[in-house]
Amino acid sequence: MEAQMQPRLQCSPCQWLRPVAGAGALTLLVSVPSSLAQQPASDAAAQQAFNNSCRTCHSVKEGDNRLGPNLNKIVGRKAGSLPDYNYSSSMKEAGFVWDQDKLTRFMVKPDEVVSGNKMQPYGGVSAEDAAKVVAYLQAAGGQ
């Protein structure tokens, strides 16, 4: 019986380098969106998002209530708590403190966060624009 010799596999650098490079590129692609999401919106883009979506009814100046309450220092403030604004009963009874997540969700779909709020006719904004507005509110309110 003759021992069969298995041919030795020839492996060029390109054959093993391609999968390694591909895995590295895939890792980079998967990590880029999350790292971009963590980047704060530029001041100009954040202010523009606020101006486009909120400024008609809201101000960031303390005491400057309009159709909606002023949003000065809104992050960390109890919902429906400004003494000089006539909130809906549902907002007064909401029982939570505004944080980034709650504000973002409220801007996107107000009725899902506080059913019966005064922003009912408001159609909402994209989650991306809402995140920019929250960044602007935090910067403008000194948070």
Enquirer: Would you please test Asn52 and Gln48 for side-chain hydrogen bond (donor to acceptor under 3.5 Å, both in side chains) and show each step?
Expert: CA-CA 6 Å; Asn52 291 345; Gln48 188 66 47; 2.8 Å; yes
Enquirer: Please step through side chain to side chain contact (heavy atoms under 4.5 Å, CB included) for the pair Met107 and Val134, ending with a clear verdict.
Expert: CA-CA 9 Å; Met107 283 184 268; Val134 170; 3.3 Å; yes
Enquirer: Okay, side chain of Arg77, backbone of Leu82: is any donor-acceptor separation there less than 3.5 Å?
Expert: no
Enquirer: So does Ser115 get a backbone contact from the side chain of Ser90, meaning a donor-acceptor N/O pair under 3.5 Å?
Expert: yes
Enquirer: Taking it one step at a time, do Asn70 and Val60 satisfy side chain to side chain contact (heavy atoms under 4.5 Å, CB included)?
Expert: CA-CA 6 Å; Asn70 78 75; Val60 293; over 6 Å; no
Enquirer: Applying ring-ring contact (aromatic ring centres under 6.0 Å, His included), which residue pairs with at least one partner in residues 67-93 are found, sequence neighbours left out?
Expert: Tyr85-Tyr87
Enquirer: Pairs in or reaching into residues 62-84: which pass ring-ring contact (aromatic ring centres under 6.0 Å, His included), with residues at least two apart or in two chains?
Expert: none
Enquirer: What are the two closest heavy atoms between Lys61 and Asn72, and how far apart are they?
Expert: C-CB, 4.2 Å
Enquirer: Is the side chain of Lys118 donor-acceptor paired with the backbone N or O of Met91 at a distance under 3.5 Å, no angle test?
Expert: no
Enquirer: Can you tell me if Asn65 uses its side chain to pair, donor with acceptor, with the backbone of Asp84 under 3.5 Å?
Expert: yes
Enquirer: Which heavy atom of Ala49 sits nearest a heavy atom of Lys132, and at what distance?
Expert: CB-CB, 3.8 Å
Enquirer: What distance separates Asp129 CG from Cys54 SG, expressed to the nearest 0.5 Å?
Expert: 9.5 Å
Enquirer: Is there a donor-acceptor contact under 3.5 Å from the side chain of Asn117 to the main chain of Val114?
Expert: yes
Enquirer: Check whether any side-chain N or O of His58 sits under 3.5 Å from a backbone N or O of Arg66 as a donor-acceptor pair, and report yes or no.
Expert: no
Enquirer: Minimum heavy-atom separation for Val125 and Ser53, please, with both atom names.
Expert: CG1-OG, 3.2 Å
Enquirer: Taking only distance into account, with no hydrogens and no angle test, what donor-acceptor pairs under 3.5 Å do side-chain atoms of residues 92-99 form with protein atoms, sequence neighbours excluded?
Expert:
residue	atom	partner	partner atom	Å
Asp99	OD1	Asp101	N	3.3
Asp99	OD1	Lys102	N	2.7

Enquirer: Identify the heavy atoms of Phe50 and Val133 that sit nearest to each other, and give their distance.
Expert: N-CG2, 3.7 Å
Enquirer: When hydrophobic residues are tied together by side-chain contacts of less than 4.5 Å, even through go-betweens, does Met119 share a cluster with Val108?
Expert: no
Enquirer: Show, in sequence, the C-alpha distance, side-chain angles and deciding distance for Lys109 and Asp111, and conclude whether the salt bridge (charged side-chain N to carboxylate O under 4.0 Å, His left out) test is met.
Expert: CA-CA 6 Å; Lys109 293 188 179 178; Asp111 199 43; over 6 Å; no
